[in-house]
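Read through the structure below, which is laid out as structure tokens, and then see the notes.
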Amino acid sequence: MKIWSTEHAFSYPWETVIKAAMRKYPNPMNPHVVGVDVLDRRLDAEGRLHSHRLLSTEWGLPAIVRAILGTNHLQTYVKEHSIVDPEEKKMELCSTNITLTNLISVNEKLRYTPHPDNPEVTILTQEAIITVKGASLSSYLEGMMARRMSANARKVTLTHIYIIA
């Protein structure tokens with residue numbers, strides 16, 4: 001199991017960043033997400049927006065990784081649940097893969113909150129738990145996945161800025 005985390009500050013107010021986060025897929029800055037389906041969207045009694053989405057992704061795993069995992073799957077699916085609380089100015093998004101779960105699980109959590117000292121800045125905290133199952137070199141693969149997530153986190157930051165601009 002590999003635990004990965006990062007934090008990023010956006011130089012935009014929370015409302016602007018949340019609008020961008022809700023529209024970030026698909027876009028040319030991150031071509032791996034090829035489709036987004038909204039499965040359910042509703043407001044609860046406290047005025048929080050709950051969204052359940054299905055993301056279709058194509059990651060193109062390196063041949064060596066596919067060989068180690070014993071799969072040729074290139075398209076994967078991720079379920080995502082988000083809660084936007086406009087009163088508390090907080091958005092939490094949790095996602096997990098639903099494809100290849102017998103080989104790997106990635107559970108990711110993102111939190112968007114205003115900076116405590118500057119309401120014109122939004123803090124994104126991103127955490128993931130990566131577990132490769134039943135494969136030799138699982139620690140190596142988990143580390144590789146964490147490095148890829150770090151690279152993709154930088155892309156997500158650019159994506160937000162691309163959508164905001």
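Source: prediction; values computed, not measured.
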So how far is it from His32 NE2 to Leu55 CG, rounded to the nearest 0.5 Å?
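With rounding to 0.5 Å, NE2 (His32) is 13.5 Å from CG (Leu55).
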How far does CG of Leu110 sit from OG1 of Thr6, to the nearest 0.5 angstrom?
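OG1 of Thr6 is found 10.0 Å from CG of Leu110.
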Asp85 side chain vs Lys90 backbone, donor-acceptor pair below 3.5 Å:
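Judged by distance alone, no pair lies under 3.5 Å.
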Does Thr76 use its side chain to pair, donor to acceptor, with the backbone of Thr99 at less than 3.5 Å?
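Side chain of Thr76 to backbone of Thr99, a donor-acceptor pair under 3.5 Å: no, none is there.
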Polar contact flag, side-chain donor to acceptor under 3.5 angstrom, [X]-[Y]:
X      : Y      : value
Thr125 : Arg111 : no
Gln126 : Glu7   : no
Asp44  : His50  : yes

Could you tell me whether the side chain of Pro114 reaches within less than 4.5 Å of the side chain of Thr122, counting heavy atoms only?
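No, side chains not in contact.
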Quick check: are there more than 12 heavy atoms from other residues, nucleotides or ligands sitting under 6.0 Å from CD of Glu15?
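Yes, the 6.0 Å shell around CD holds more than 12 heavy atoms from other groups.
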Assigning hydrophobic clusters by single linkage (Ile, Leu, Val, Met, Phe, Trp, Tyr; side-chain heavy-atom cutoff under 4.5 Å), is [X] placed with [Y]?
X     : Y      : answer
Tyr12 : Ile123 : no
Ile98 : Leu39  : yes
Val38 : Val34  : no
Trp14 : Ile83  : no
Ile18 : Val121 : no

Partners passing salt bridge (charged side-chain N to carboxylate O under 4.0 Å, His left out) against Glu87 (at least two apart in sequence or in another chain)
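Once residues adjacent in sequence are excluded, Glu87 has no partner under the salt bridge (charged side-chain N to carboxylate O under 4.0 Å, His left out) criterion.
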Is it true that Lys109 and Glu127 have a side-chain N and a carboxylate O under 4.0 angstrom from each other?
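No, Lys109 and Glu127 are not salt-bridged.
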Working note: Asn107 + Cys94, criterion side chain to side chain contact (heavy atoms under 4.5 Å, CB included); need CA distance, chi angles, decisive distance, verdict.
CA-CA 7 Å; Asn107 294 298; Cys94 298; over 6 Å; no
What class does the angle between the rings of Phe10 and Tyr112 fall in, given that below 30° is parallel, 30 to 60° is tilted and above 60° is perpendicular?
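Phe10 and Tyr112: parallel rings.
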